[in-house]
Amino acid sequence: MTEKVRVRFAPSPTGHLHIGGARTALFNYLYARHNNGVFILRIEDTDRTRSTDEYIEAILEGMRWIGLDWDEGPFRQTDRFDVYLSYVDTLLKEGKAYYCYCSAEELEERRKLAMALGRQPRYDGRCRELKGPVPGVVPSVRFSMPREGRTVVDDLIRGKVVFENTQLDDFIILRSDRTPTYNFTVVVDDVDMRITHVIRGDDHLNNTPKQIHIYKALGYETPKFAHLPMILGSDKARLSKRHGATSVMAYNEMGYLPDALVNYLVRLGWSYGDQEIFSREELIKYFSFENVGKAAAVFNPDKLLWLNSQYIINSSSEKLSEMVIPFLVKVKIIAEGQELDGAWLVRAINTLRERSRTLTELANSLGYYIADEVNYNEKAKEKFLNEKSRDLLVELKTCLEQITEFSQQGLEAAFKKITEKHGVKLGNLAQPVRVAVTGGTESPGIFEVLEIVGKEKTLKRLEKAIETIG
RNA sequence: GGUCCCAUCGUCUAGAGGCCUAGGACGUGGCCCUCUCAAGGCUAAAACACGGGUUCAAAUCCCGUUGGGACCGCCA
């Protein structure tokens, strides 16, 4: 019988849930779900100066939005200080850790000096041999790292990575203010929470040997490790604000669908043959570290946009009509709380779905269906609302006034009658009408548009266009 | 500076020594469809970083070079 898979996502609440964090969370989530395991959320807030409750809430909000539901937590490290302290005491008693009386200033100075001399900026372990306390100094606690031998990280993605123990230094596990540090708490928590697989960013690979020694000192077995490649910006530097939106919720606001973002994120570093689009079920079914790449990936907004358009095309109009409402409010097409005819909205979205890449675009296009008056695009007006089209528009208006069945079929027949009579192509009539009714030159098929706009508004808009021409 | 990681089209990637004349996707160009714009279809340009090995055979294995990244905190 094998041990049940238990994984965790452990962000520090010093910012919003960003793209990189979301991808790490996603891979943890997929691995847990694939193995019928447990996905734990843990907030690493031991840095009390930078962590805030607002960011914790923001991270939870981001997780919920992209549908990464966790099974346990969120646990907060600040709630567990007594646990860490007791582990520190144990190590101290067993001689596996020691008090360090060097001040932060001294250490900083030595670090700079070492850098300047081209030496490795490592703690030299001088307090290790100290016989007694230094009066008047509040000490920190350091871990006694072995000074010989080597440590092997057996990584699920990278294979065996070997570190010389001489490269590792006696790092601080408890600050002089009695708060524990990351490399220590992460191990204590992973032990306590019985984490079986540590799945995290590549940037932690170099920390792993240190942590392995903590496991050993505490007398526990190490979990399996999987270090994910980083996500970079277009200049190959670590993804940051400079590269545009990095917060997950920013994509929500821009009108992206959470599933599209998830689909995009998963393909950054993971693949399944040539398949590009995956349902959540497929992701869970197919996910495996064997298909995770090792190289860092550049974030490509264009591809995300394409995926989003695919997700919109494949969403039901009913679903989209619910999702688009906040965006209609945001782009000021409807007022907060304003009701729309649901069945009508669904029909309208049917025509717009495959030409909207985001919910924002969809909302904007819906504008000419909903608004009372349309604003003409200047160029479109000049090109199509002129003497050449005037008579056609007048004639069409007269014709449509009499039409009983304001449907696509009826409209098409009316258009055909006029174009045949004048010996012109459909486009010669459709484009002026399109400008008259939508204000621009791009829209769904003209008959669909008119049917959805309805007889009354169509006639009003034709009238206004004719007046505009003069 | 030291240590560690990484390296296929501009970007995401397929590739497990012969199935590779290196495949797919985004983006870009062209064509088709067409009332416009999309969507869709077809099509084109576009990559194994470099140098040595190993092998009958290397994108694939090994070594080196170069280039990128991460870590070296009383941050996580």
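The sequence lines fix the lettering, A, B, ..., with proteins before strands; numbering per chain opens at 1. Because only heavy atoms are used, hydrogens play no part in the values below, and waters and symmetry mates are left out as well, while side chains stay in. What you see is a predicted model, and the numbers here were worked out from it, not measured in a lab.
- As judged by a 4.0 angstrom heavy-atom cut-off over every strand, A:Glu276 is placed among the base-contacting residues.
- To the nearest whole angstrom, the two P atoms, one in B:rC9 and one in B:rA22, are 14 Å apart.
- A cation-pi geometry, defined here as NZ or CZ lying under 6.0 Å from the six-membered ring centre and within 45° of its normal, does not hold between A:Arg150 and A:Phe163.
- Counted by atom type alone, A:Gln431 and A:Arg434 present one or more donor-acceptor pairs between their side chains at under 3.5 Å.
- Base contact: A:Cys102 has a heavy atom under 4.0 Å from a base atom.
- Side chain to side chain, A:Tyr87 and A:Asp82 fail the donor-acceptor criterion of an N or O pair below 3.5 Å.
- When distances are taken from the side chain of A:Lys294 to each of B:rU13, B:rG23, B:rC6, the shortest belongs to B:rC6.
- Of the candidate nucleotides B:rC35, B:rU13, B:rC74, B:rC74 has the atom nearest to the side chain of A:Arg175.
- At a threshold of 4.0 angstrom between heavy atoms, the contacts of A:Arg50 include nucleobase atoms, whether or not backbone atoms are also involved.
- The backbone N or O of A:Glu290 lies less than 3.5 Å from a partner atom in the side chain of A:Ser288, making a donor-acceptor pair.
- For the pairing with A:Phe287, the ring pair (Phe, Tyr, Trp, His ring centres under 6.0 Å) check across A:Phe27, A:Phe278, A:Tyr272 returns one residue only, A:Phe27.
- Of the candidates B:rU36, B:rA25, B:rC72, the closest approach to any side-chain atom of A:Lys303 belongs to B:rA25.
- The CZ-C1' distance, from A:Arg126 to B:rC74, rounds to 16 Å in whole Å.
- Side-chain contact check for A:Tyr256 versus A:Pro258: every heavy-atom pair is 4.5 Å or farther apart.
- Between A:Thr46 and B:rA76, a side-chain N or O to OP1/OP2 separation shorter than 4.0 Å is present.
- Considering only side-chain atoms of A:Leu107, the nucleotide from B:rC74, B:rU11, B:rC71 that sits closest is B:rC74.
- Applying the 3.5 Å distance criterion, the base of B:rC37 shares a donor-acceptor pair with the side chain of A:Arg355.
- Heavy atoms of A:Leu268 sit under 4.0 angstrom from primed sugar atoms or phosphate atoms, though from no base atom.
- Pairing partner, B:rC61: B:rG53, with both Watson-Crick or wobble hydrogen-bond distances short of 3.5 Å.
- A:Asp189 has its CG atom 12 Å from the P atom of B:rA76, to the nearest Å.
- Separating the P atom of B:rC50 from that of B:rA59 is a span of 11 Å, rounded to the nearest Å.
- Among the protein residues, A:Arg353 comes within range of no part of the nucleic acid, since none of its heavy atoms lies under 4.0 Å from any strand.
- A side-chain donor-acceptor contact under 3.5 Å links A:Tyr98 and A:Asp170.
- Nucleic acid contact class of A:Arg434 (heavy atoms, under 4.0 Å, all strands): base.
- The nearest whole Å value for the distance from the OH atom in A:Tyr369 to the C1' atom in B:rC37 is 12 Å.
- Between B:rC75 and B:rG68, the two C1' atoms lie 24 Å apart (nearest whole Å).
- Between the side chain of A:Asp45 and the backbone N or O of A:Pro13, no donor-acceptor pair lies under 3.5 Å.
- A:Phe163 comes within 4.0 angstrom of sugar-phosphate atoms only, judged by non-hydrogen atoms across all strands, and of no base.
- Across all strands shown, B:rA70 forms a Watson-Crick or G-U wobble pair with B:rU3, both key distances being under 3.5 Å.
- Using a distance-only test at 3.5 Å, with no hydrogens or angles considered, no donor-acceptor pair links the side chain of A:Glu164 to the main chain of A:Thr166.
- Using the Watson-Crick or G-U wobble rule with both distances under 3.5 Å, B:rU28 pairs with B:rA44.
- One interatomic measurement links the two molecules: CG of A:Asp124 to P of B:rG2, which rounds to 20 Å at whole-angstrom precision.
- Panel note: side chain A:Ser271, backbone A:Gly273; no donor-acceptor pair is recorded below 3.5 Å.
- Among the heavy atoms of the strands, none lies under 4.0 Å from A:Val153.
- A:Thr458 and A:Gly454 get closest at one heavy-atom pair: OG1-O, 2.6 Å.
- One cannot find a donor-acceptor pair under 3.5 Å joining the base of B:rC37 and the side-chain atoms of A:Ser443.
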Between the protein and nucleotides 40-47 of chain B, which nitrogen or oxygen pairs are less than 3.5 angstrom apart?
from: B:rG40; atom 1: OP1; to: A:Gln310; atom 2: NE2; distance (Å): 3.3

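- As judged by a 4.0 angstrom heavy-atom cut-off over every strand, A:Ser271 is placed among residues touching the sugar-phosphate backbone only.
- In the set B:rG2, B:rC74, B:rC6, B:rC74 carries the atom at the smallest distance from any side-chain atom of A:Arg142.
- The stretch residues 198-218 of chain A touches RNA chain B through A:Asp203, A:His204, A:Leu205, A:Asn206, A:Asn207, each having a heavy atom within less than 4.0 Å of the strand.
- With a cut-off of 3.5 Å on both Watson-Crick or G-U wobble distances, the partner of B:rA14 is given as none.
- A:Leu307 comes within 4.0 angstrom of nothing in the nucleic acid, heavy atoms only.
- A:Thr181 comes within contact range of the sugar-phosphate backbone alone, with a heavy-atom separation under 4.0 Å but no base atom that close.
- Residues A:Glu290 and A:Ala430 both approach RNA chain B. Their nearest nucleotides, taken by heavy-atom distance, put A:Glu290 toward the 5′ side.
- The residue among A:Pro229 and A:Tyr101 whose nearest nucleotide of RNA chain B lies closer to the 5′ end is A:Pro229.
- Taking atom P in both B:rG41 and B:rU13, one finds a spacing of 24 Å when rounded to whole Å.
- Annotation: cation-pi geometry satisfied between A:Lys210 and A:Phe171 (NZ/CZ under 6.0 angstrom from ring centroid, within 45° of ring axis).
- Of all nucleotides present, none satisfies the Watson-Crick or G-U wobble test against B:rA39 with each distance under 3.5 Å.
- Comparing the P positions of B:rU65 and B:rC5 gives a spacing of 14 Å, expressed to the nearest Å.
- If you take atom C1' in B:rG10 and the same atom in B:rA49, they sit 15 Å apart, rounded to whole Å.
- The residue A:Ala295 sits close only to the backbone: its heavy atoms come under 4.0 Å of sugar-phosphate atoms, none of a base.
- In this structure, the side chain of A:Thr179 does not engage the main chain of A:Arg175 through any donor-acceptor pair within 3.5 Å.
- Atom name C1', nucleotides B:rG40 and B:rA47: the rounded distance is 28 Å, in whole Å.
- Checked against B:rC12, B:rC4, B:rG23, the side chain of A:Val161 finds its nearest nucleotide in B:rC4.
- When the nucleotides B:rC75, B:rC72, B:rC12 are ranked by their closest atom to the side chain of A:Pro121, B:rC72 comes out on top.
- Between A:Val187 and A:Gln211, the closest side-chain pair of non-hydrogen atoms falls below 4.5 Å.
- The nucleotide B:rC20 finds no pairing partner, because no Watson-Crick or G-U wobble arrangement with both distances shorter than 3.5 Å includes it.
- Closest to the A:Asp169 side chain, of the nucleotides B:rU3, B:rG73, B:rC74, is B:rG73.
- Across all strands shown, B:rU34 remains unpaired; no Watson-Crick or G-U wobble contact has both distances below 3.5 Å.
- Here B:rA76 is the nucleotide among B:rA76, B:rC35, B:rC74 with the atom lying nearest to any side-chain atom of A:Asn183.
- Between B:rU21 and B:rC32, the two P atoms lie 34 Å apart (nearest whole Å).
- When heavy atoms are screened at a 4.0 angstrom cut-off, A:Ser51 is found touching no nucleic acid atom at all.
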